[in-house]
Number of protein chains: 2
Amino acid sequence: MHADWTTHFPGLRKLEPAIAGPLVENSKLVKLAAGTRIFGPGQSPEAYLLLLDGTVRVQQVSETGREIVLYRVSAGESCALTTACLMGYEEYQAEGIAETDVQAVAIPRKTFDNLIAQSAEFRRFVFTAFSMRVTNLFKIIDEVAFSRVDIRLAQKLLELADNEDRVSLTHQQLASELGTAREVISRQLHEFQRRNWISTTRGEITLLSRQDLQKLAGAP
Amino acid sequence: MHADWTTHFPGLRKLEPAIAGPLVENSKLVKLAAGTRIFGPGQSPEAYLLLLDGTVRVQQVSETGREIVLYRVSAGESCALTTACLMGYEEYQAEGIAETDVQAVAIPRKTFDNLIAQSAEFRRFVFTAFSMRVTNLFKIIDEVAFSRVDIRLAQKLLELADNEDRVSLTHQQLASELGTAREVISRQLHEFQRRNWISTTRGEITLLSRQDLQKLAGAP
DNA sequence: CTGGGCTATGTGACTAGGTCACATACACAA
DNA sequence: TTGTGTATGTGACCTAGTCACATAGCCCAG
């Protein structure tokens, strides 16, 4: 495992062997239990993380305790933005939480810098990850500032439903996904239920009509 | 001018001469008139831009026509995020407008990539710019999602006031700064005026009590 | 198998913010 | 001086967020 984790990352498979070697040698495998806070205000990330397994949720917490999920880092991806802030000097405002048990490769700052210098392939990998995250942040700003909650909720339900059309989250957790309040979610879900688009039980929502939800989620 | 623009950028002054040379040679000076749309959806940026003079406003426009300013790029700074998206493959969602006449240096993608590879100094410059922008985006998300309009408006007025305590913007422009509606701004300004914190005339606001505004803008 | 106790959800009342429609007011040019 | 375009004012209404508290489901200790 230690020897060949680079193959877990499509963007790194073509890495020149002369470069992959030192990379694997200088980086180190870390395991984190679910729920671990990986970084946050006052707890700067210390290395470039590449996830082998699990997911990390990056979110913002407001003064009043409300939360909004910014993005998730999944297996095969990197904490790109985190690293930007690591390489630069600014304090990172958001916090990262291991949603599941996580296995990751930690690349020290110095090694990261060398890699960037030496490998065009690695640069592409890093900048591509960057651009995806930033684009996504723009989308979130757009939605939070300009989009209706019912539409965003319908989108989120469709996005989070498993292959049996179920979403196993509490209203509070859904509210955190969207950066709104629990009561707002409860009321919207109630309305969806009244229209027979979903059914709910404690901690779980079942989609009854993806079609209607999609209609709401898409063009008005 | 062409020969020594690198000195305009504190982060580039220490650039190794062997590197600064080709950089200056391969990049090109561009001038843009105020109001020019530099990039936007369907109009990808084509080069890494370093501003010599003027400012560029980067903003998001919603379907319904509402706008929100994401950040400004001023002289001596780079369109860092733009470039991330340029280097990666994603479509950039935001648009950049020249607020004033702008002079800038355009560094082609290839040259940029070479520079990143060859100069630790340049890497630091780019990543630092990145991290500042990203941190700022997080702050905007936080404010849009969780902060009150009156507080944000007070902050914005203080931020945008000149050294004679005047803000020369229309209510509509202020609304765009904050990503809210013009009527909301009009009403808030009215309330500030009622409290004698500001006075207003068409297209201009004068701060009468920075202190009170600061009190509102700071801790509640 | 049952009663606390914890967490999740429901709900009314109220405040803040956004939308729509339209009324005024101001500035500048013809 | 009078249009004309832009800026601002305002009421009515709707959506979203807050607060306070009521219920309801779940699980575990006894």
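Note that the structure is a prediction, hence the values are computed from the model and not measured. Letters go in sequence order (proteins before strands), and every chain restarts at 1.
Judged by closest nucleotide on DNA chain D, Gln193(B) is the one of Gln193(B) and Ser147(A) placed further toward the 5' end. Comparing Arg152(A) and Arg182(A) by the nucleotide of DNA chain D whose heavy atom lies nearest to each, the residue mapping closer to the 5' end is Arg152(A). Checking Ala145(A) against Leu169(A), the closest nucleotide of DNA chain C that is more toward the 5' end is the one next to Leu169(A).
A donor and an acceptor atom never sit less than 3.5 Å apart when one is taken from the side chain of Arg148(A) and the other from the base of dT15(D). One can find a donor-acceptor pair under 3.5 Å joining the base of dT18(D) and the side-chain atoms of Arg187(A).
With a 6.0 Å radius and a threshold of 12 heavy atoms from other residues, nucleotides or ligands, Glu46(B) has its CD atom at or below the threshold.
Heavy atoms of Glu191(A) sit nowhere under 4.0 angstrom from any nucleic acid atom. Backbone-only contact: Thr180(A) has heavy atoms under 4.0 Å from sugar-phosphate atoms and none from a base. Looking at heavy-atom distances under 4.0 Å, Val184(A) makes contact with a base.
OP1 or OP2 of dT8(D) lies within a sub-4.0 Å distance of a side-chain N or O belonging to His171(B). The shortest distance between the side-chain N/O atoms of Gln188(A) and the OP1/OP2 oxygens of dT15(D) is not below 4.0 Å.
When the P atom of dA16(D) is taken as reference, atom CD1 of Ile185(A) falls 10 Å away, rounded to whole Å. Computed from coordinates, the His190(A) NE2 to dA24(D) P distance equals 12 Å when rounded to whole Å. Between the P atom of dT18(D) and the CD atom of Gln172(A) lies a distance of 11 Å, rounded to the nearest Å. Atom-to-atom, CG of Leu189(B) to C1' of dA7(D) comes out at 12 Å; the value is rounded to the nearest Å. If you measure from atom CD of Glu183(A) to atom P of dT15(D), you get 18 Å, rounded to the nearest angstrom. In this structure, CZ of Arg202(A) is placed 6 Å from P of dC26(D), rounded to the nearest angstrom. Distance, Glu67(A) CD to dG17(D) P: 15 Å, rounded to whole Å.
For the pair Glu177(A) and Arg57(A), the salt-bridge criterion is not met [side-chain N within less than 4.0 Å of a carboxylate O]. Between Arg187(B) and Glu191(B), none of the side-chain N atoms (NZ, or NE/NH1/NH2) sits under 4.0 Å from a carboxylate O, so this pair counts as no salt bridge. Under a 4.0 Å N-O distance rule, the pair Asp212(A)/Arg195(A) does not qualify as a salt bridge.
Protein chain B touches strand DNA chain C; the 5'-most and 3'-most nucleotides with an atom under 4.0 angstrom of its non-hydrogen atoms are dA16(C) to dA27(C).
Within the 3.5 Å criterion, the main-chain N or O of Thr55(B) finds a donor-acceptor partner in the side chain of Thr100(B). Side chain of Arg66(A) to backbone of Ala145(B): a donor-acceptor contact under 3.5 angstrom is found. For Arg13(A) (side chain) and Thr7(A) (main-chain N/O), a donor-acceptor pair under 3.5 Å exists by modelled atom type.
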